[in-house]
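Chain identifiers are assigned alphabetically (A, B, ...) following the order of the sequence lines, protein sequences preceding nucleic acid strands; residue numbering begins at 1 within each chain. Treat the numbers as computed from the prediction; the structure is a model and nothing was measured.
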Number of protein chains: 2
Amino acid sequence: MLSQKAKYALKAMIALATQEEGNLLQAADIAERQNVPRKFLELILLDLRKHGLVRSQRGKFGGYALAKPADAITFGQIIRIMDGPLAPIPCASLTGYRRCADCRDEKSCAVRRTMREVRDAAAAILDGTTIADALGAGAHEARAAIGA
Amino acid sequence: MLSQKAKYALKAMIALATQEEGNLLQAADIAERQNVPRKFLELILLDLRKHGLVRSQRGKFGGYALAKPADAITFGQIIRIMDGPLAPIPCASLTGYRRCADCRDEKSCAVRRTMREVRDAAAAILDGTTIADALGAGAHEARAAIGA
DNA sequence: CCTTTTGTCGATCAAATTAGTAGTGTTTAA
DNA sequence: TTAAACACTACTAATTTGATCGACAAAAGG
């Protein structure tokens, strides 16, 4: 399951992407537009900043902006920051591998094998969808259609 | 994330599938083989029985068996029973749809659209992989290769 | 310098979920 | 009738989730 936190983070990033280059958006603005608790959103933006996805400016007329072009930020990056690995189970994760305590033989584990397939499929979509794709309603589909 | 419960359920079903037709396997046996807490496993098997995936026999020499052929039971069925919908977010679920409280316009929500893609990809794999596939190490891949 | 506005950060918290455990009952075969 | 097995209910401890609060720091403007 995607946590509320990750969902809010995605929505916030999309909101930031609607701004033109260099224009700051304030937490309170984003919170109101996206219907998200303001203080909670601040924590999320802080976290995104610490991971280099947004930059912030303090003080009067401060706010947040994307730290990179919208087409260089993927859903996968954001979700991994907020919720951790994409894999349904740690033993099937590339970025956060952990052995199952109860596993007798990982090599022959059908659960692991199938969960790896699920992970790969999810990662292909989430690492292949950028914040820029999220802006135009049909952008990703269009991209997919031409095989990009 | 796949819960321990769902993981144990999958492992238990695979264990039951190794038995020949009509042969019962006891909870204690499965628990030991698969390294799963026995009492917890009993709850899981009970749940699987109530959903018609296993049958049980009480009393001495009782135990559990699959209620249907192994190739008629999918990972998706088992996971939905234990953990609920496959979709990462309720608004992207087919089997357990629920609107997001904070959503202004679902139709244009890029998060939802992308999570639906993820759901579809996961469902394709999990509803396409059966307990029978899990037995032979390469069964599913073989099946996939011939386009079945 | 002072005030206002805004991000930063630590602490705290209530509710839900997860991963079990315990114990009692009920059925069945020998 | 007894031992072995599933059935069912109840409980609980730990963790995670989804926040909220308040003090602090910085930046801009008068």
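Under the side chain to side chain donor-acceptor pair (under 3.5 Å) criterion, Asp120(B) pairs with no residue at all, not counting sequence neighbours.
Checked for salt-bridge contact, Asp127(B) and Arg80(B) meet the test: a charged N lies under 4.0 Å from a carboxylate O. A salt bridge does not link Arg113(A) with Glu117(A): none of the charged nitrogens is closer than 4.0 Å to a carboxylate oxygen.
Within a 6.0 Å sphere centred on CD of Glu32(A), heavy atoms belonging to other residues, nucleotides or ligands number 12 at most. Annotation: Arg99(A), atom CZ; neighbour count of heavy atoms from other residues, nucleotides and ligands within 6.0 Å is above 12.
For Met1(B) and dT17(D), the CE to P distance is 10 Å, given to the nearest whole Å. The nearest whole Å value for the distance from the CZ atom in Arg38(B) to the C1' atom in dA5(D) is 9 Å. Atom CG of Asp47(A) is separated from atom C1' of dG10(C) by 14 Å (rounded to the nearest Å). Atom CG in Leu45(B) sits roughly 14 Å away from atom C1' in dC8(D) (whole-Å rounding). Between the C1' atom of dG7(C) and the NZ atom of Lys50(A) lies a distance of 12 Å, rounded to the nearest Å. Across the protein-nucleic acid pair, Leu41(B) atom CG and dA7(D) atom P stand 12 Å apart, rounded to whole Å. Across the protein-nucleic acid pair, Leu46(A) atom CG and dA19(D) atom P stand 17 Å apart, rounded to whole Å. Rounding to whole angstrom units, CD of residue Gln4(B) and C1' of dT16(D) are separated by 15 Å.
When the side-chain nitrogen and oxygen atoms of Arg49(A) are compared with OP1 and OP2 of dG7(C), none of them lie within a distance under 4.0 Å. Within the structure, every side-chain polar atom (N or O) of Lys5(B) is placed at least 4.0 Å from both OP1 and OP2 of dT17(C). Between Ser56(A) and dT6(C) there is no side-chain N or O to OP1 or OP2 distance below 4.0 Å.
Between Thr74(B) and Thr129(B) the shortest side-chain heavy-atom distance does not fall below 4.5 Å. Looking only at side-chain heavy atoms (C-beta outward), Leu10(A) and Phe75(A) come within less than 4.5 Å of each other.
Residues from residues 7-33 of chain A placing a heavy atom under 4.0 Å of any atom in DNA chain C, listed by number, are Gln26(A), Ala27(A).
Nearest nucleotide to the side chain of Phe40(B), out of dT21(C), dT8(C), dA7(D): dT21(C). For Leu43(A), whose side chain is taken as the heavy atoms from C-beta onward, the closest listed nucleotide among dA19(D), dC8(D), dG18(D) is dA19(D).
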Mark up nucleotides 23-30 of chain C, 5' to 3', with B wherever a protein heavy atom is under 4.0 angstrom from a base atom, S wherever such an atom reaches only the sugar-phosphate, and - elsewhere.
B-BBBBSS
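Screening Met115(B), Arg112(B), Arg116(B), Arg98(B) for a side chain to side chain contact (heavy atoms under 4.5 Å, CB included) with Cys91(B), the sole residue that qualifies is Arg112(B).
Looking at Arg119(A), its side chain never comes within 3.5 Å of a backbone N or O of Ser93(A) through a donor-acceptor pair.
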